[in-house]
Structures are given as C-alpha cells and as structure tokens.
Amino acid sequence: MTLKALWVAGIGMALAVTGWTQTAPDPQLMQEINRIAAIDDHTHVPKVVAPGEKDDDYDALPCAPLEPTADPTMVRPDNPLFLQAWKALYGYKYNDKTPDHLRELRATRERVQREQGEHFPAWVLDKLNIRTMLANRIAMGPGLAPPRFLWVPYDDALLVPLNNQPLASENPDRKFFFSREEMLLQRYLKESGLNAVPATLNDYVARVVEPTLERQKKAGAVAIKFEAAYLRTLNFGEPNRAQAEQAYAHYAAGGTPAKGEYLALQDVLFREIARAAGRLGLAVHIHTGAGCGGYFDIAGSNPELLDSVLDDPSLRQTKFVLLHGGSGPYSKVTAFLLGKPNVYTDFSEQDWMLSPRALSVVIRDWLEWYPEKVMFGTDLYPGNSPEYDWDSIGYMIASTGRQALGLALTGMMQDGEISRARAVELAHMVLFDNAAKLYGLKH
Ligand SMILES: [Zn+2]
C-alpha cells in the first residue's frame with residue numbers, strides 16, 4: 001500500500017468508527033417521522049387576542065421584562081428554518097427578506113388570522129402536524145380549547161405564602177419574578193375564597209393548596225408546572241414538618257423569615273403539592289437546566305438536586321416530568337434519572353437551543369437508556385414581531401426536533417443497535433405514544 005492509500009484507508013476507518021459518514025437522516029424514516037401527528041409536551045402558546053389586547057397569561061415568569069441577554073444562534077432571525085417556516089405556513093415565495101417581501105408576508109399572515117379567527121392556533125397546529133399541544137399558561141383563553149390544547153397551570157405561587165423579601169432580594173430578575181408569584185398567589189387565594197393566607201400550615205394546605213389543585217384539575221389540567229429553578233435552588237431537602245409548621249405560624253401574619261427557615265418551609269410545601277398532584281392524577285412538570293435572564297442560577301437547576309424528592313417513597317404516585325431534560329449541561333444526569341419509575345423527560349427548549357446534530361446526540365443517549373420515558377416538546381413562545389412569532393418559531397423548533405430524532409434513530413440503525421421497524425416504533429413513542437400514555441390521552 002502506498003503512503004497515500006494508507007492515509008485514505010485511515011480516514012475511511014476513522015469515519016466508520018465515529019459515524020461521520022452519517023450526514024443526513026434516513027429519508028424513508030424521516031418521511032415517517034414527519035407523518036406522525038405529535039403531542040407537544042410543553043409550550044407557552046398564546047391565546048387569540050382582540051386588537052390592542054395583550055396576552056399576559058402565557059408564562060407565570062415571562063422573560064421579556066428582564067435585563068436583555070443575547071439569544072442563542074438557533075433563535076436568531078438568520079436561522080434558515082424561518083424562511084422555510086414562512087414558505088410552509090404562508091406560501092412565502094422568496095429566498096430573501098427584502099422589506100417588500102416581508103410586508104407581503106405580514107399581510108398574508110394577517111389575512112389568515114382574520115379568516116381563521118379563534119381557529120388560528122389550531123390551524124397552526126395542523127401546519128406543524130401537532131395533534132395535541134400542552135399549553136403551560138396561567139390561564140387558557142380564546143382559541144385554546146381541548147382536545148387540541150390541554151392546560152398545564154403554574155403552582156410555584158403556592159410555595160411563597162410568607163414575606164418573600166429574603167429570596168426576592170437576591171438579584172433584579174428574582175425581584176420581578178417574586179412580584180409575579182405574589183400576584184398569582186393573590187389570585188389563588190381569592191379563588192379559594194380568602195383574602196389572606198390562613199394562620200396555620202395545615203389550614204394553608206387544606207384551604208389553599210388542595211382546593212387550588214382540585215380547581216385546576218376540574219378546569220381540565222393534565223399536569224401542573226414548577227418554574228422553581230427561577231426562584232431558588234431545586235434542592236428541596238428532607239422535610240421537617242414541625243419546623244415548617246412553626247415557621248409558617250410565626251410569619252403568616254407578618255414579619256420576615258430567615259432564608260433558611262423559608263426554604264425549609266418550601267421543602268415541606270413542595271412535597272404537599274406534589275403529593276396532592278399525584279392523588280389527583282396530575283403530572284408534575286419541573287423546569288430543569290438552562291433558563292432565561294442574565295442571573296439564572298444554572299447550578300441550582302441541575303435535576304440531580306431533585307434526588308430527595310424523586311426518591312421519596314410517599315411521592316411514588318406522582319409522575320415527574322423533567323422539562324427540557326436538564327437542557328444543555330444536565331442531559332446525562334437526566335438519562336440516569338429516567339430509570340426511576342415515575343420520572344419522564346422531554347427535549348423541549350433543547351430544540352431551540354441546540355442544532356439538530358447536537359440534539360440528536362442527546363436524544364440518542366436517552367433512547368439508549370429508557371426510550372419509553374422520552375417525549376417530544378417545543379417550548380414554543382410568543383415572539384416580538386409578526387414574522388418571528390410563535391407560529392414560525394414553533395415551526396423552526398418542531399422541524400429541529402423531528403430532524404434530530406431522525407438523526408438519532410438513523411445512527412442507531414446504522415450501528416446495528418435497532419432494526420428499521422424498531423426505529424419507526426421509537427419515533428411513534430417519542431412523538432406521541434409516551435405522552436399519550438403518561439397523560440391518559442386517547443389514541
Ligand atoms: Zn417553558
């Protein structure tokens with residue numbers, strides 16, 4: 001063999017070993033993946049508003065009012081998937097973004113919105129081939145009716161019944177976030193027929209926590225959501241009921257608890273809420289991994305901090321969904337946690353933070369561990385202009401997610417880990433079956 005032939009053979013071997021030869025997903029498999037009408041496990045889909053009206057309910061803790069931070073490249077306007085989105089949604093005919101063409105796009109979108117009225121969100125779902133979308137919102141609204149849209153309300157507000165100053169003063173973002181939670185708690189108190197928190201912890205649980213979850217269930221919720229990682233570390237420690245009762249009784253009517261006392265109370269409250277959710281058949285969604293804002297505490301959002309909750313025998317009836325799969329830094333931790341019988345995950349958010357290639361590595365890892373626990377999700381959210389709003393953003397994210405799933409399954413097939421038939425089966429599980437089973441939805 002000549003030196004050159006040796007070199008070429010060497011490269012060939014390296015490619016075979018690392019899988020670099022796989023540059024695109026298997027076309028037949030991709031076709032099947034695109035055909036599956038999906039369940040989107042997590043979104044902040046906006047309601048249909050009247051002219052001049054604002055939707056303030058799409059997130060308990062919206063990121064928009066925070067000090068600005070840079071968007072990751074995937075969600076910047078130069079992602080070519082946005083052009084594709086406009087073509088698929090509104091028949092956009094161009095490969096450029098001249099002001100004239102964008103004006104035409106806006107006009108077309110406005111016309112579709114006008115024609116579709118309250119049906120507009122469902123019209124978008126059809127374009128994205130999403131059959132059912134979980135809507136993580138403070139409240140539902142026009143255009144977001146079941147069975148296409150299922151409610152996931154927020155319950156962090158139930159964790160903050162005392163004076164929040166010691167937690168809220170940690171940084172400017174938390175100050176804003178706690179003001180939102182306090183507003184939401186007022187709403188929950190009012191709906192529970194109270195105008196202040198009761199004097200004892202037992203009464204608070206019986207008269208506020210449990211009735212709030214029961215109302216949410218009755219209103220159609222399939223899960224409840226915690227964004228606790230925006231407010232504190234996810235390390236909900238071993239509960240000490242007596243201590244919590246004492247701290248609650250001491251500060252319910254006024255005064256400022258020390259941070260440690262407050263966190264210890266939350267350790268108990270979090271479990272009370274999760275237990276009530278399990279009893280009512282509501283899954284518990286928890287934000288894990290990267291979050292918005294320049295002060296976000298990434299160390300505090302590691303899903304492994306939830307160990308004592310996930311390992312609590314009294315919470316085994318509660319199904320926990322680690323939203324975003326510990327997005328970015330904690331995907332590996334998530335893979336292991338899926339081994340617990342009541343733990344699930346989705347790759348929402350990761351599909352607008354990572355490229356299809358990078359996300360495929362995460363998905364493949366999870367599928368090689370516990371494929372029946374992995375779900376598709378987008379985390380789509382309202383944008384700040386008509387051409388980059390939730391519909392186009394959702395298209396961009398859903399395409400990225402499906403492409404990544406295709407890449408992951410193609411790699412597994414090419415490496416002889418799974419047959420083509422199993423790859424198709426896994427695609428159906430991730431895009432639909434796993435979520436349908438978890439939430440008890442009909443096929
Ligand atoms: Zn979200």
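Being a predicted model, the structure only gives us computed values, none of them experimental. Ligands are counted one by one from 1 in listed order, and the atoms in each one are counted from 1 as well. Position 1 is the first residue of the sequence, and the numbers go up from there.
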The single option from F320, Y154, F270 passing ring-ring contact (aromatic ring centres under 6.0 Å, His included) against F226: F270

Return yes when atom OH of Y94 has more than 12 non-hydrogen atoms of other residues, nucleotides or ligands closer than 6.0 Å, and no otherwise. yes

At a cut-off of 2.8 Å, protein N/O/S around the Zn ion (ligand 1) gives H42 NE2, H44 NE2, D379 OD1

Taking atom types as modelled, is there a side-chain donor on D173 or Y230 under 3.5 Å from an acceptor on the other? no

Tell me if the aromatic rings of W352 and Y381 count as close, with their centers under 6.0 Å from one another. yes

For N195, is the CG atom crowded, meaning more than 12 foreign heavy atoms sit under 6.0 Å from it? no

Taking the six-membered ring of Y92 (Phe, Tyr or Trp), confirm whether the NZ or CZ of K87 is under 6.0 Å from its centre and within 45° of its axis. no

